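Lettering follows sequence order; numbering is per chain, from 1. Values in this document were obtained by computation on a predicted structure and should not be read as measured data.
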Protein chains: 2
Amino acid sequence: MPKRVDHRERRALIADALMRVAAEQGLEAVSLRHVAAAAGVSAGMVQHYFRTRDEMMVFALAVVSERNETRVRRAIEALGATPAPRALLRAMLAALLPLDEERRADGRVALAFLAYTAVRPAVAAALHDETAALRAFVADRIAAGSPLVTEGRVDPERAAVGLLAVMEGLGIYVLGGHYPPETALAALDAQLDLIFGPEPPTRDRAGSARRRRSA
Amino acid sequence: MPKRVDHRERRALIADALMRVAAEQGLEAVSLRHVAAAAGVSAGMVQHYFRTRDEMMVFALAVVSERNETRVRRAIEALGATPAPRALLRAMLAALLPLDEERRADGRVALAFLAYTAVRPAVAAALHDETAALRAFVADRIAAGSPLVTEGRVDPERAAVGLLAVMEGLGIYVLGGHYPPETALAALDAQLDLIFGPEPPTRDRAGSARRRRSA
DNA sequence: CTCTTTTCAATGCACTCGCAATGTAAAGGC
DNA sequence: GCCTTTACATTGCGAGTGCATTGAAAAGAG
């Protein structure tokens, strides 16, 4: 059955194996043979769908950000139509945090890629637009939803930069095992409190009302 | 002149070369031979002072955190005796941000190590205490210096977690070339504004008064 | 049928890796 | 004087790497 195969499917299969290897043993362990073994295929097949290792890496990087995009979209859709800006941001950022094992694995890969691209600036350029768009979106939601903005006490652009940095930093700490997921979520809520002002007393989530120790 | 050599000095020399290699080509390019070449010595000598590659890595990691410690100490000392909590935190966190080329190089190495330890949990344990101590210190300074804490609008523990996460995240973004140093500093100041309340009008730095575009 | 294209598998090559083993030369200890 | 210890340098081995090459088998196209 050689002729008729779905390239995207094969590449996805291989990328999946790559992610497993990278998550378990680090990016430096990602070799043609290891990935092939993890995928249960021959090394020749991997080479057939990715002519070079770098090509495989770039594809895997795209898979990671695509997965995150999907997570964010689903989290937002789960909120229904026209969610409040704060709730929307919370759902979005929480979706990007490595709070379960699946996202932890992806996060490890993303972290490895971060270090990888820090040395290959050409590959990193694609991420710039992504971050810029994300920041603009966050800034817009902050401007639309925070009363502190109209009071002039919060600058949406800087708050957006800070909020995304908090998310990124919390992700790092959780991945490193410094904080448990609850602490990261609590810190995220605290940050939203700072930006949006104290939560009006709603009866939905625990929010930031109850205090827990954080280490 | 074989007998009398300073081991610490030699190891520092080698670690220095390791840092250069890691900063320029990534941690995966750190091999006995590369490091030896960068240090201008033979591979045998490297092997003499570090019996295994992992031993060399661990030492280099210690060098990185020691450098950061030195930077923080100097930045704080430059503030004179009994600095205000907010100024102290600003100086400390700014010292940890990759704002010049030297710190950028160190930051790249630290980032690579982050990904490295994410796969070797045993090595990461040492970093936990460091982070915990740092967080406790930051929380203490926030509790001592922020009027919002006594008003109950800021929880020092969570604010400390958030503040450190902001620093970490900003560092990542700056390293990735997403933000220029000024934007990172502005975001850091904005975060301090959120935690400590609006700055009383002092005539020292630009602080957060002037607005600039951020991307 | 033949011919071509696609899909995979296997092999080999040149290279790098960590690390052990070995050798050599210099500085004390005696 | 010798002898041990330290401080390197050199070499080599087995393993692993990316990648090019080769080949084979299957499915249309004509």
Side-chain angles (χ1 to χ4, degrees), chain A residues 1-22 24-61 109 112-113 115-117 119-120 122-123, chain B residues 1-22 24-61 109 112-113 115-117 119-120 122-123:
Chain A
M1 82 293 272
K3 196 64 156 296
R4 197 59 50 86
V5 289
D6 185 350
H7 267 230
R8 291 202 311 122
E9 179 194 316
R10 286 279 196 264
R11 287 167 81 99
L13 173 87
I14 295 173
D16 218 66
L18 185 153
M19 307 275 279
R20 282 200 303 272
V21 173
E24 285 165 22
Q25 320 182 54
L27 256 202
E28 64 183 13
V30 171
S31 70
L32 297 183
R33 304 190 200 346
H34 276 166
V35 171
V41 302
S42 81
M45 172 165 161
V46 175
Q47 242 186 134
H48 182 67
Y49 288 100
F50 298 101
R51 286 183 301 189
T52 163
R53 190 188 114 113
D54 265 3
E55 193 178 315
M56 189 169 64
M57 294 297 210
V58 170
F59 184 82
L61 179 56
V109 179
F113 270 118
Y116 181 77
T117 57
V119 177
R120 283 163 191 74
V123 189
Chain B
M1 86 290 276
K3 197 66 157 296
R4 195 61 47 91
V5 290
D6 185 351
H7 266 230
R8 292 203 311 122
E9 179 194 316
R10 286 278 196 267
R11 286 167 80 98
L13 173 87
I14 295 173
D16 218 66
L18 185 155
M19 306 276 279
R20 283 199 303 271
V21 173
E24 286 165 22
Q25 317 182 56
L27 255 202
E28 63 183 16
V30 171
S31 69
L32 296 184
R33 307 193 206 326
H34 277 166
V35 171
V41 301
S42 81
M45 172 163 161
V46 175
Q47 238 183 138
H48 182 67
Y49 288 100
F50 298 100
R51 286 183 302 188
T52 164
R53 189 187 114 113
D54 266 3
E55 193 178 314
M56 189 169 65
M57 294 297 209
V58 170
F59 184 82
L61 179 55
V109 179
F113 270 117
Y116 182 76
T117 56
V119 177
R120 284 163 190 72
V123 190

**Student:** Measure the distance from CZ on Arg8(B) to P on dA7(D) and round it to the nearest whole Å.
**Tutor:**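 My rounded result for the distance is 15 Å.
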
**Student:** Find the distance Glu28(B):CD to dT17(D):C1' and express it as a whole number of Å.
**Tutor:**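 Value for this atom pair: 12 Å.
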
**Student:** Indicate whether OP1 or OP2 belonging to dC8(D) is found under 4.0 Å from a side-chain N or O atom of Arg10(B).
**Tutor:**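 The answer is yes; a side-chain N or O of Arg10(B) sits under 4.0 Å from OP1 or OP2.
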
**Student:** Of the nucleotides dC19(C), dT7(C), dT17(D), which one has an atom closest to the side chain of Ser31(A)?
**Tutor:**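 Per side-chain heavy atoms of Ser31(A), the pick is dT17(D).
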
**Student:** Summarise protein proximity over nucleotides 9-14 of chain C in one line of letters, 5' to 3': B for base, S for sugar-phosphate only, - for none, counting protein heavy atoms closer than 4.0 Å.
**Tutor:** B-----

**Student:** If only side-chain N and O atoms of His7(A) are considered, is one of them under 4.0 Å from the OP1 or OP2 phosphate oxygen of dT6(C)?
**Tutor:**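 No, His7(A) has no side-chain N/O under 4.0 Å of OP1/OP2 on dT6(C).
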
**Student:** Kindly point out which of dC19(D), dC8(C), dC19(C) is positioned nearest to the side chain of Leu32(A)?
**Tutor:**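 In terms of side-chain proximity for Leu32(A), the closest of dC19(D), dC8(C), dC19(C) is dC19(D).
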
**Student:** How many Å lie between CZ on Arg11(B) and C1' on dT6(D), as a whole number?
**Tutor:**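 Those two atoms, CZ and C1', are 15 Å apart.
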
**Student:** Which one, dC19(C), dC8(C), dT7(C), comes nearest to the side chain of Thr52(B)?
**Tutor:**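 Given the options dC19(C), dC8(C), dT7(C), the side chain of Thr52(B) is closest to dC19(C).
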
**Student:** To the nearest 0.5 Å, how far apart are CZ in Arg10(A) and CZ in Phe50(A)?
**Tutor:**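 Going from the CZ atom of Arg10(A) to the CZ atom of Phe50(A) covers 12.0 Å.
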
**Student:** So which of residues 53-60 of chain B are in contact with DNA chain C, with a heavy-atom cut-off of under 4.0 Å?
**Tutor:**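 When residues 53-60 of chain B is checked for heavy atoms under 4.0 Å from DNA chain C, the hits, listed by number, are Arg53(B).
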
**Student:** Applying salt bridge (charged side-chain N to carboxylate O under 4.0 Å, His left out), can you list everything that pairs with Glu24(A), at least two apart in sequence or on another chain?
**Tutor:**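 Applying salt bridge (charged side-chain N to carboxylate O under 4.0 Å, His left out) to Glu24(A) gives none.
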
**Student:** For the pair Thr117(A) (side chain) and Arg120(A) (backbone), establish whether a donor and an acceptor sit closer than 3.5 Å, ignoring hydrogens and angles.
**Tutor:**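 No: the side chain of Thr117(A) does not pair with the backbone of Arg120(A).
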
**Student:** Before you tell me yes or no, could you show the steps for Met56(B) and Leu32(B) under side-chain contact (heavy atoms from CB on, under 4.5 Å), namely the whole-Å CA-CA distance, both residues' side-chain angles and the distance that decides it to 0.1 Å?
**Tutor:** CA-CA 9 Å; Met56(B) 189 169 65; Leu32(B) 296 184; 4.1 Å; yes

**Student:** Whole-Å distance between dC8(C) C1' and Asp6(A) CG?
**Tutor:**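 So the two atoms are 16 Å apart, to the nearest Å.
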
**Student:** Quick one: pull up OG in Ser42(A) and NE2 in His48(A) and give me the separation to the nearest 0.5 Å.
**Tutor:**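 Output value for this atom pair is 10.5 Å.
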
**Student:** Between dC17(C) and His34(B), is there an OP1 or OP2 to side-chain N/O distance shorter than 4.0 Å?
**Tutor:**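 Result: yes.
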
**Student:** Please table the atom pairs, donor to acceptor, closer than 3.5 Å between any side-chain atom in residues 11-22 of chain A and protein atoms at least two apart or in another chain.
**Tutor:**
residue	atom	partner	partner atom	Å
Arg11(A)	NH1	Tyr49(A)	O	2.8
Asp16(A)	OD1	Arg67(A)	NH2	3.0
Arg20(A)	NH2	Ala38(A)	O	2.8

**Student:** Which salt bridge (charged side-chain N to carboxylate O under 4.0 Å, His left out) pairs, counting each pair once, include a residue from residues 38-50 of chain B, with sequence neighbours left out?
**Tutor:**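 Qualifying pairs, neighbours excluded: none.
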
**Student:** Determine: side-chain N/O of His48(A) to OP1/OP2 of dC8(C), distance under 4.0 Å, yes or no.
**Tutor:**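 For dC8(C), neither OP1 nor OP2 has a side-chain N or O of His48(A) closer than 4.0 Å.
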
**Student:** Expressed in angstrom and rounded to an integer, what is the separation of Leu13(A) atom CG from dT7(C) atom P?
**Tutor:**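 Checked: the CG to P distance equals 15 Å.
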
**Student:** Base, sugar-phosphate or nothing for Val46(B)? Non-hydrogen atoms, less than 4.0 Å.
**Tutor:**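 The residue Val46(B) makes no contact with any strand.
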
**Student:** So if I apply the side chain to side chain contact (heavy atoms under 4.5 Å, CB included) rule between Tyr116(A) and each of Val109(A), Leu27(A), Leu61(A), which one comes out positive?
**Tutor:**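 Result for side chain to side chain contact (heavy atoms under 4.5 Å, CB included) with Tyr116(A): Leu27(A).
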
**Student:** To the nearest Å, how far apart are Arg51(A) CZ and dT21(D) C1'?
**Tutor:**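 About 16 Å, once rounded to whole Å.
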
**Student:** Applying salt bridge (charged side-chain N to carboxylate O under 4.0 Å, His left out) as the test, list every pair that has at least one member in residues 33-54 of chain A; sequence neighbours left out.
**Tutor:**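 Passing the test, one end in residues 33-54 of chain A: no pairs.
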
